[in-house]
Amino acid sequence: MRGLKDKVLIVTGAGRGIGRATAERLASEGAKVVVAEFDTETGSAAAAAIKDSGGQAMFVEVNVADGESVKAMIQKTRE
């Protein structure tokens, strides 16, 4: 995973399981991670854990089955 420093990456389902592990790994490689998750509790916790370990992350609530929700997630990421 070379070359990830300062790249902004969106990881859907990043609140738990494989998604969370992926987000944590990407952050450890220097990526700025958007923790995109429907569950606000697990999403917020995942982003906080990444920050606590020295990585860069933000949580964005999203329902990937809803196009408007996805558009809002992309807009928040760009901001």
Side-chain angles (χ1 to χ4, degrees):
M1 291 195 204
R2 302 168 83 190
L4 294 180
K5 181 149 179 60
D6 295 324
K7 300 279 186 196
V8 177
L9 303 175
I10 298 171
V11 181
T12 59
R16 65 178 129 237
I18 294 170
R20 182 167 176 163
T22 300
E24 290 172 345
R25 174 66 188 268
L26 294 170
S28 76
E29 296 290 330
K32 298 176 183 178
V33 177
V34 177
V35 175
E37 175 61 52
F38 182 74
D39 182 320
T40 58
E41 187 175 326
T42 61
S44 294
I50 290 169
K51 290 178 191 176
D52 289 347
S53 68
Q56 296 183 61
M58 68 179 236
F59 164 66
V60 176
E61 183 179 1
V62 65
N63 177 353
V64 295
D66 176 9
E68 292 303 314
S69 181
V70 172
K71 287 178 187 177
M73 173 194 63
I74 293 168
Q75 182 61 37
K76 289 177 185 175
T77 300
R78 287 181 174 163
E79 293 170 1

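Between the side chain of E37 and the main chain of G43, no donor-acceptor pair closer than 3.5 Å is present.
Distance check, rounded to the nearest 0.5 Å: CG of L26 to NZ of K32 gives 14.5 Å.
Taking all atoms of both residues into account, the shortest heavy-atom contact from V35 to A14 is CG1-CB, 3.6 Å. Considering all non-hydrogen atoms of both residues, V11 and G19 come closest at CG1-O, 3.5 Å.
Checked against salt bridge (charged side-chain N to carboxylate O under 4.0 Å, His left out), D39 has the following partners two or more places apart in sequence or in another chain: R16. Contacts of E41 classified as side-chain hydrogen bond (donor to acceptor under 3.5 Å, both in side chains), with partners at least two apart in sequence or in another chain: none.
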Could you list the donor-acceptor pairs under 3.5 angstrom formed between side-chain atoms of residues 45-64 and any protein atom two or more places apart in sequence or on another chain?
from, atom 1, to, atom 2, distance (Å)
S53, OG, A49, O, 3.4
S53, OG, I50, O, 2.9
N63, OD1, A65, N, 3.0

Show me the donor-acceptor pairs, under 3.5 Å and distance only, between side chains in residues 72-79 and residues at least two apart or in other chains.
from, atom 1, to, atom 2, distance (Å)
Q75, NE2, E79, OE2, 3.3
T77, OG1, M73, O, 2.9

